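Structure first, commentary second.
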Amino acid sequence: MEIFSYSLAMLGTVAFAVTAVLASSKQRISLFGVCVVGIITAIGGGTIRDLILDVPVFWATDLNYIWVGLVSSLLTFVATPLFKRKSILALMLYIDGLGASLFAIQAMDKVWELQFAMPVGPILLGVITAIGGGVTRDVLTGRQSLIMTRELYATPVVLGCIVFSALAHAFPEHRATLGTLCILIIFGIRSAAIHWKLSVPDWLMTKTAEEDGF
Amino acid sequence: MEIFSYSLAMLGTVAFAVTAVLASSKQRISLFGVCVVGIITAIGGGTIRDLILDVPVFWATDLNYIWVGLVSSLLTFVATPLFKRKSILALMLYIDGLGASLFAIQAMDKVWELQFAMPVGPILLGVITAIGGGVTRDVLTGRQSLIMTRELYATPVVLGCIVFSALAHAFPEHRATLGTLCILIIFGIRSAAIHWKLSVPDWLMTKTAEEDGF
Amino acid sequence: MEIFSYSLAMLGTVAFAVTAVLASSKQRISLFGVCVVGIITAIGGGTIRDLILDVPVFWATDLNYIWVGLVSSLLTFVATPLFKRKSILALMLYIDGLGASLFAIQAMDKVWELQFAMPVGPILLGVITAIGGGVTRDVLTGRQSLIMTRELYATPVVLGCIVFSALAHAFPEHRATLGTLCILIIFGIRSAAIHWKLSVPDWLMTKTAEEDGF
């Protein structure tokens with residue numbers, strides 16, 4: 001089980017790095033830029049979480065995250081056309097969604113163990129862990145931040161984190177099972193969003209304002 | 001007195017979140033984006049300060065900052081037209097200025113107690129606390145950073161922090177009173193800037209350079 | 001020797017602040033903005049490094065870095081035309097390159113002493129220390145991040161850090177000498193890049209993709 005979830009985390013790291021490099025390579029960037037963008041997207045969210053928790057950054061004691069992020073970035077650089085094939089790209093998008101789900105719930109577990117800022121802390125840091133790397137990537141590469149888009153990416157993560165928090169408070173003895181369930185919920189919604197190209201529905205968006213001069 | 005200053009801090013948190021959501025909602029953003037922008041603007045500056053001080057982040061032990069930021073963001077989302085009314089908007093701008101003044105001086109007090117990097121530390125971290133959230137908001141939403149604008153927003157904060165530092169070194173026994181005085185000074189200048197639409201005067205701006213090819 | 005390397009660090013701080021202010025003053029910015037941009041560029045990279053290492057930020061115990069950054073920024077504001085003279089500007093670009101080389105290797109030394117995330121930690125944090133301030137500057141001023149440009153700035157730093165890491169593992173008893181050597185290597189490549197206006201070669205850049213709809 002431990003090994004299974006670790007393998008998933010590594011797979012998620014691969015997908016984070018690969019999709020980041022592909023997304024940012026609309027402009028031409030250097031090999032160095034590719035590595036920075038790939039690694040930061042893969043480990044950025046968890047690093048911000050650990051700084052706020054004031055615990056050692058997770059990759060300092062397990063360098064596999066760095067190596068996997070680095071090698072994935074290099075492979076994407078070398079074989080960009082391969083990774084841009086529709087089938088591979090789609091696969092990567094799904095794994096990226098699975099990675100975000102997994103990282104969010106794993107982070108909530110870590111924060112929960114530390115009893116940090118309960119009950120809000122786990123939700124906040126779960127979301128930050130899942131999307132922090134992607135937001136940093138967008139800021140560094142000058143793309144519109146994923147916070148500002150209609151893509152149904154962060155919203156399922158937020159929903160899943162809130163549901164997990166509520167359920168784990170109600171049934172603390174089943175936290176592990178509930179965590180797996182919530183990973184599947186987030187991943188399910190995200191998969192549906194990828195498959196049917198769903199975006200955030202209109203009533204969850206701010207209104208446009210012609211007359212507004214703020 | 002304690003309660004009075006705490007109420008002001010909460011009021012400042014409301015104003016930070018509300019003005020942030022209004023400022024960023026020129027583009028359409030999702031409910032999730034609204035919450036992120038509101039909360040980050042409200043607590044971002046203090047969080048950066050606490051990371052640099054290496055003390056627990058302030059909102060981990062007092063979740064009211066998160067709740068107030070969240071509820072203010074949600075209310076602004078639901079009732080955007082209300083908050084965009086001239087009278088409410090003006091009120092929010094003034095409270096936002098009061099919040100920035102208060103957060104800057106409160107932060108200086110905290111840094112002073114820790115004797116961190118005296119005498120420069122309190123000034124640096126006072127300014128970071130007051131404007132760090134707003135700068136992060138601008139970066140995440142792709143707006144021109146408030147560091148780069150002519151708006152008279154950060155400059156009064158810097159002046160007030162320098163004055164407070166000088167006075168508190170000269171009259172350490174009156175630090176509390178001097179703090180209140182400096183909050184009023186910063187708030188006074190900021191209010192004048194809002195009321196008369198003042199901006200940073202020309203001689204405090206870098207020159208334009210037609211011939212410059214840097 | 002200690003004094004020599006300290007003087008170089010201060011000189012590097014001057015150059016970081018001056019070139020940052022010049023680079024960002026294409027737009028008109030206020031005196032306050034100038035100070036923020038100058039100081040953040042000068043100390044930003046090392047601050048991120050120290051947060052990740054979880055050690056006190058370096059400038060808290062040696063305020064000279066702040067003072068030198070501040071005074072350099074103010075001087076550049078007052079005497080912009082002077083600093084934009086071709087000879088002074090060229091000198092600053094070279095010192096900036098020397099500063100980046102020095103900060104990278106000094107940071108690697110610091111990380112090495114702490115045995116943090118060996119063997120990858122020193123390389124990662126060396127690069128972050130050298131370019132973190134410049135990247136933050138680019139994000140705050142809305143310029144294209146130096147990660148995304150073809151300028152041969154970060155690549156020599158990365159190469160030098162990797163070479164230093166390899167050599168210092170092979171010959172740990174000569175680490176100090178090897179550090180000096182690697183500073184010279186990085187500075188040499190950077191100087192060549194400035195002098196002959198070299199940029200990152202084509203085969204180290206991602207391919208453009210006309211057909212790509214990612």
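Below, chains carry the letters A, B, ... as their sequence lines are ordered, and counting in each starts from 1. Computed from a predicted structure; not experimentally measured.
- With a 4.5 angstrom heavy-atom cutoff, T141(C) touches chain B via backbone and side-chain atoms both.
- Listed here is the closest heavy atom pair of L51(C) and L51(B): CD2-O, 3.3 Å.
- Taking each heavy atom of F77(C) and W203(B) in turn, the nearest pair found is CZ-O, 3.7 Å.
- P201(B) does not touch chain C: none of its heavy atoms, backbone or side chain, sits under 4.5 Å away.
- When the candidates V21(C), V57(C), V37(C) are compared by the number of heavy-atom contacts under 4.5 Å with chain B, V57(C) comes out ahead.
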Side-chain atoms of residues 126-138 of chain B: list all donor-acceptor pairs with protein atoms under 3.5 Å, sequence neighbours left out, distances to 0.1 Å.
unit_1, atom_1, unit_2, atom_2, d
T129(B), OG1, L125(B), O, 2.6
T136(B), OG1, G132(B), O, 2.7
D138(B), OD1, R143(B), NH1, 3.1
D138(B), OD2, L146(B), N, 2.9

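- Per-residue heavy-atom pair counts under 4.5 Å with chain C were compared for L53(B), L124(B), T149(B), and the maximum is reached by L124(B).
- Side-chain contact between S24(C) and T206(B): absent, with no pair of heavy atoms (C-beta onward) separated by less than 4.5 Å.
- Between atom CD1 of residue I29(C) and atom CD of residue Q144(B) there is a gap of 10.0 Å, rounded to the nearest 0.5 Å.
- Between R28(C) and M148(B), the closest side-chain pair of non-hydrogen atoms is not below 4.5 Å.
- Under a 3.5 Å cut-off, the side chain of S30(C) and the backbone N or O of V200(B) do not form any donor-acceptor pair.
- The side-chain hydrogen bond (donor to acceptor under 3.5 Å, both in side chains) pairs that include a residue from residues 93-102 of chain C are T19(C)-D96(C), D96(C)-Y153(C), where partners are two or more places apart or lie in different chains.
- F32(C) and T155(B) get closest at one heavy-atom pair: CB-OG1, 3.9 Å.
- Between P119(B) and L63(C), the shortest heavy-atom contact is CD-CD1, 4.0 Å.
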